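Take a look at the structure set out below.
Convention: sequence-line order gives letters A, B, ...; per-chain numbering from 1. Only a predicted model underlies this, so the values are computations on that prediction, with no experimental measurement involved. When reading the values below, keep in mind they use all heavy atoms of this one structure, side chains included, and skip hydrogens, waters and symmetry mates.
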Amino acid sequence: MEYNFKEIEKKWQDYWEKNNSYKTKEDSNSPKFYVLDMFPYPSGEGIHVGHLKGYVATDIVARMKRAQGFNVLHPIGWDAFGLPAENYAIKHGIHPEITTAKNISNIKRQMKSAGLSYDWERELNTTDPEYYKWTQWIFLKLFENGLAYKKLLPINWCPSCKTGLANEEVVDGKCERCGTETGKKDIDQWVLKITDYADKLLEGLDDIDWPEKIKEMQKNWIGRSEGWEIKFSIGSKEISVFTTRADTLFGCTYLVIAPEHPLINELEFKNKEEVLEYIDRAKNKSERERISEVKDKTGVELKGIKAINPVNGKEIAVFVADYVLYHYGTGAVMAVPAHDIRDFEFAQKYDLEIIEVINGKNKKEGTAFIEDGTLFNSGDFDGLNSEEAREKIGEFLRKKGKAEKKINYKLRDWVFSRQRYWGEPIPIIHCEKCGMVVVPENELPVKLPYVEKYQPTGTGESPLAAISEWVNVKCPECGGEAKRETNTMPQWAGSCWYYLRYLDNNNNKEIFDKGKEKKWMPVDLYVGGAEHAVLHLLYSRFWHKFMYDLGIVSTKEPFYSLRNVGLIMAPDGQKMSKSKGNVIPPDIIIDEFGADTLRCYEMFMGPFDQSIGWNPQGVKGVYRFLIKLWEIFSECQNEKSSKEVIAETHKLNKKVSEDLSKMKFNTPIAFFMEFMNFISERKEELGKEEIKRVLVLLSPFAPHLCEDLWEKMGNKTSIMIEKWPKPDLNLIKEETVSLVVQVNGKVREKMDINVGTSKEDAEKMAKENERVKKWVDGKEIVEVFFVQDKLINIVIK
RNA sequence: GCCGAGGUGGCGGAACUGGCAGACGCGUAUGCCUUAGGAGCAUAUGCCCUUGUGGUGUGAGGGUUCAAAUCCCUCCCUCGGCACCA
């Protein structure tokens, strides 16, 4: 019988849809399993085979978990706000709502044609007012709790997207979206106080099962460091510096302050002109220039003034230099050239004093010694180790009112407003009398007005500002003239909490039902690309932890277990992209080989989290395997299997179950192939029960084919409701094994022995073996090593 | 520079707790079938040689061990992230 995948796949996709096979059973008493994909942006190109890789993996897990008796929640939705739809609208004059809807229906078709088992009744869309009503609601909660504020800030500005960006959205000085070099711009911005959650975000990482890589990236991004803030006096003024190395304080030979530091305006020094010129130049440097000049440090001394080192009263010079960052710590540092690489470089260039105060064994000439060690040249603190000295010196100064313990973070608050059209309006009203007033909860959502012109203004104002009938409103408090906030929320807002809305997506009274939240959270398995490590995955943890503090959610973390899907590269080895023209859409593969082949191939390519190139020949190999399986299974007439076939089937069962539970998808396919290679030699030994077992095991990978063979075998109900089989370990037990015989660690013979043969018997057999004899005879046997049922190693001299 | 992951045939990759390296697939070769094949089937396939009961082999070098892809040390390379964070 021919494997007609087109007919089969159509037939069963229709069947599953008609029978609501993917619907989540809300009333079930079974244990829950929430398996989630990072939801896609509905782009005009649709999805390619790379996107599908993660979706297929979660689908396999979802199908297996259902069979294992779990009540599985496996939803999907659309992260549909964002620039591409808006830019498309600007170019073609078609409203984003229309293009988005069109794109969604296309991707939905692609997903269905791949046999993905999503519960479509829970589909959601971030641009749906019924959804973003609650995004706005969470924003109001943040605002009411002092975690959202508006401030005039020099922020990252993308001149191409004409909008402000968060720190996390600037990669290598370029816009994460479009790659344009970013600049700085002073705009009145909404900012979320993610820094208030820095410690909680750090601590939470210990409780979740995430890839080490992502955890490390988040840790580094948050960048917590403990140290001391130390006051130096400059004439009648004081300046604070932050240091993690209070132990090196006696080696401090000058101070450096950032060009933006306000104290510069208050100090009287001789070379004012020179300094102001330097500051001016520093301000005009772009992000890129600052990065590329890391090696060449520049600075200017403030002539005629000195700072006093509080620990020994020593007078030291003061510099302005742009290697000190204003936004970190206090914007000023104490320079210890002997024990800090940057200070060392600077001191060498400007010929400044270098005083060593720490001794240690890895110390080298001609460079700074940055490790901990033992103090010297440090007065009463000589002989202490660095760790003790930090405490003692800090404490000594604290008593004199010159120092304080301090923790600093690299993490900065989240710039949350965008000057673009296609995003959630920020539900705030500006009233001249009352100031910033929240839109009352019963007036949510603040709907995005339908407009003809989307062009960003580029002035730092949103295009919404031009729609006067939308902007001008009555103040909800005093009833006077007021204006709406015209900035919109960033791309990331909607994805911060969507996993919660799936639990109860039609609730129009509250954000979601508490009982449902308790039942389903946290997400048990979350799958997506690693590119969101410090964007979506950090932002959503922040919102979640905030909602936890408010008692809205019951878990501290949203995603218990996270796995990253590796990219699929184009056959040319490059990343798939529209501009390179190397994108492979799933449609053409499904058309030529079927969805089951596509699914199996994507899993077979290699380890799930690794990026691997697409190989058109490899697809054919998997296709051949499925055809072979189809033909052998559909032609089988036997009732019973032979003992060997039964054993092999249970072994397969064991290996597939084990590897799937470890998120290994490539090896199970290999096991199925191995099994079929074994069976094709002994077709007449294969019986119905074993076919059934294999079909259930294979059905998460190739659901259409398995369902069809299942039916052809006379089953009246869907394979989807079959229980995941458990291997019978007794059937797997072998009676004999092949024992490897080594002489001096080299394999010289293999002997079939009974399982459980003793060392003595095995040794005797080995010594009597002709081939072994040739290596051993006439030599002195020093020792014999024996590993039960595996190996014997005879060591000779 | 720092952090993380990794380096196994011509290619993608297997290998439990140290115990037969190269499963499975691709490619290649030869043969069969075919009017034809970029279809199908069969067999072979790490490398080397003097073709054996041989040698050698998991980035390089060293070590531990009866035994190392796996453990330890030194180094090299690739990928991802951060990048003057005091």
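Checking C26(B), G25(B), A83(B) against every side-chain atom of Q617(A), the shortest atom distance belongs to C26(B). Relative to the side chain of N666(A), the nucleotides C84(B), G12(B), A14(B) differ in distance, and A14(B) lies closest. The L791(A) side chain lies nearest to G19(B) when the options are A83(B), G19(B), A14(B). For T243(A), the listed nucleotide lying nearest its side chain is A86(B); candidates were A83(B), A86(B), C66(B). Which of C24(B), A86(B), C3(B) sits closest to the side chain of N220(A) comes down to C3(B). Closest to the V333(A) side chain, of the nucleotides A86(B), C24(B), C26(B), is A86(B). Of the candidate nucleotides A83(B), G81(B), C26(B), C26(B) has the atom nearest to the side chain of N615(A). Of the candidate nucleotides A15(B), C20(B), A86(B), C20(B) has the atom nearest to the side chain of K750(A). Distances were taken from every side-chain heavy atom of R624(A) (C-beta onward) to each of C26(B), A86(B), C66(B); the shortest belongs to C26(B). Checking C3(B), C26(B), A14(B) against the side-chain heavy atoms of E216(A) singles out C3(B) as nearest.
Dashed line: the shortest gap from a side-chain N or O of N677(A) to OP1 or OP2 of G25(B) is under 4.0 Å. In this structure, R748(A) reaches the G54(B) phosphate: one of its side-chain N or O atoms is under 4.0 Å from OP1 or OP2.
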In dot-bracket form, 5' to 3', how is RNA chain B paired? Count Watson-Crick and G-U wobble pairs only if both distances fall under 3.5 Å, and write | where the partner sits on another strand. (((((((..(((......[....)))((((((.......))))))((((..).)))..(((((..]....))))))))))))....
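Ion pair K349(A)/E345(A) not flagged as a salt bridge, since none of the NZ, NE, NH1 or NH2 atoms sits closer than 4.0 Å to an Asp/Glu carboxylate oxygen. With respect to the salt-bridge test (charged N to carboxylate O, under 4.0 angstrom), the residues K174(A) and D172(A) do not qualify.
Residue-level contact check: K297(A) touches the bases, meaning some heavy atom is under 4.0 Å from a base atom. Using a 4.0 Å heavy-atom cutoff across all strands shown, V740(A) reaches at least one base atom of the nucleic acid. Within the 4.0 angstrom heavy-atom criterion, only backbone atoms of the sugar-phosphate kind lie near K213(A); the bases stay farther away. Looking at heavy-atom distances under 4.0 Å, S225(A) makes contact with sugar-phosphate atoms alone, never a base.
Here S561(A) pairs with D209(A) under the side chain to side chain donor-acceptor pair (under 3.5 Å) rule; sequence neighbours left out. Every ring-ring contact (aromatic ring centres under 6.0 Å, His included) that Y350(A) has, sequence neighbours left out, goes to F346(A). With sequence neighbours left out, W221(A) forms a ring-ring contact (aromatic ring centres under 6.0 Å, His included) with no residue at all.
For residues 742-757 of chain A, the set of pairs meeting the side-chain hydrogen bond (donor to acceptor under 3.5 Å, both in side chains) definition, not counting sequence neighbours, comprises E749(A)-N769(A).
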For a quick test of your reading: what N or O donor-acceptor pairs under 3.5 Å do the side chains of residues 607-620 of chain A make, sequence neighbours left out?
| residue | atom | partner | partner atom | Å |
| --- | --- | --- | --- | --- |
| N615(A) | OD1 | Q617(A) | N | 2.9 |

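The glycosidic torsion of G9(B) lies within 90° of 0, which places this base in the syn conformation.
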